[in-house]
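The next block holds one structure in the form of structure tokens; read it before the comments.
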Amino acid sequence: MKITLNRINDDFLFECTNSQGNSILLDNTSQPGAKGVSPMESMLMAVAGCSGIDVVSILKKQRQVITGFKAEVEGERIPIDDAKPFKSIIVKFFLEGNIDPNKAQKASQLSFEKYCSVSKTLEPNVEIIYEVYVNGEKV
């Protein structure tokens, strides 16, 4: 796996591109007019995307009908020397459709405990908590 990062303006805007040519913009979001996401925001996006792919994949294999899927991710940061790494991350999944709530909960558990490489990478240093909602009801 390899990405390239190219600076695309005179400040802090970078384009990150993968080997298939897909890209995202990273920027210093503490500056006015930022045109990309911060690197720390991209980490939260990666947790949501990785675990979201797992959950949808598991539920599709179980023939659950997903008509809507959304995740909200919040990270709590702590100062350590001059850095502010994540201390904890809370992930909330909101699923809509003909979905067994127990299967949605189990799929989420499997993602975070077994499959999601992003959360497994962060796991030794970051507490990751998740909640699952199916059709508006917390599981």
Side-chain angles (χ1 to χ4, degrees):
M1 181 180 302
K2 179 180 176 180
I3 65 105
T4 58
L5 180 141
N6 288 303
R7 185 174 177 214
I8 58 174
N9 71 3
D10 290 336
D11 286 319
F12 309 104
L13 185 62
F14 298 96
E15 181 178 41
C16 296
T17 307
N18 70 5
S19 59
Q20 296 174 330
N22 301 308
S23 63
I24 63 168
L25 297 177
L26 296 178
D27 206 345
N28 181 349
T29 58
S30 68
Q31 302 294 310
K35 293 187 170 81
V37 298
S38 76
M40 293 301 280
E41 289 169 333
S42 74
M43 287 182 67
L44 296 179
M45 292 175 178
V47 169
C50 183
S51 56
I53 289 169
D54 290 341
V55 170
V56 169
S57 176
I58 292 165
L59 291 175
K60 285 181 79 161
K61 287 176 185 171
Q62 296 174 341
R63 301 188 191 276
Q64 301 298 291
V65 180
I66 305 165
T67 58
F69 181 92
K70 181 176 95 169
E72 293 178 359
V73 185
E74 292 184 52
E76 179 184 356
R77 297 172 71 179
I78 55 169
I80 298 179
D81 299 324
D82 292 330
K84 289 190 282 183
F86 288 117
K87 173 185 175 187
S88 62
I89 294 174
I90 300 172
V91 180
K92 295 180 183 178
F93 291 129
F94 300 91
L95 295 100
E96 299 289 331
N98 188 7
I99 303 165
D100 180 331
N102 294 324
K103 289 183 179 185
Q105 178 68 29
K106 184 65 176 177
S108 301
Q109 178 185 358
L110 284 169
S111 175
F112 288 107
E113 293 181 5
K114 188 173 182 180
Y115 297 120
C116 179
S117 298
V118 175
S119 62
K120 296 303 269 181
T121 299
L122 298 171
E123 184 177 81
N125 299 309
V126 181
E127 177 186 23
I128 299 178
I129 302 160
Y130 62 93
E131 297 176 0
V132 180
Y133 298 81
V134 176
N135 298 318
E137 298 290 322
K138 186 175 180 181
V139 179

| query | How many angstroms lie between CZ in Arg7 and CG in Leu26, if you round to the nearest 0.5 Å? | reply | 14.0 Å

Enumerate, atom names and distances included, each donor-acceptor pair closer than 3.5 Å involving a side-chain atom of residues 95-104, sequence neighbours excluded.
unit_1, atom_1, unit_2, atom_2, d
Asp100, OD1, Asn102, N, 2.8

| request: Report whether Leu110 and Val132 are members of the same hydrophobic cluster (ILVMFWY, side-chain heavy atoms less than 4.5 Å apart, transitive linking). | output: no

| message | Could you measure the distance from the CD1 atom of Ile58 to the NZ atom of Lys114? Nearest 0.5 Å is fine. | response | 9.0 Å

| Pairwise distance SG(Cys116) to CD1(Ile128) - rounded to 0.5 angstrom | 7.0 Å

| field | Set of ring-ring contact (aromatic ring centres under 6.0 Å, His included) partners for Phe94, sequence neighbours left out | value | Tyr133

| request: Only counting residues at least two apart or in another chain, list the ones meeting ring-ring contact (aromatic ring centres under 6.0 Å, His included) with Tyr130. | output: Phe112

| field | Test item: Asp81 side-chain N/O and Ala83 main-chain N/O as donor-acceptor pair under 3.5 Å | value | no

| Got a sec, which residues hit side-chain hydrogen bond (donor to acceptor under 3.5 Å, both in side chains) with Gln109, two or more places apart in sequence or on another chain? | Glu113

Tabulate below the donor-acceptor pairs under 3.5 Å that side-chain atoms of residues 69-79 make, not counting sequence neighbours, or state none.
unit_1, atom_1, unit_2, atom_2, d
Lys70, NZ, Glu72, OE2, 3.4
Glu76, OE1, Ser88, OG, 3.3
Arg77, NE, Lys84, O, 2.6
Arg77, NH2, Lys84, O, 3.0

| message | I'd like to check Lys87 versus Glu127 (side-chain heavy atoms, cut-off strictly below 4.5 Å). Are they in contact? | response | no

| Taking atom CG of Asn28 and atom CG of Leu13, what is their separation to the nearest 0.5 Å? | 10.5 Å

| side-chain hydrogen bond (donor to acceptor under 3.5 Å, both in side chains) involving Ser111 - partner list, sequence neighbours excluded | Asp54

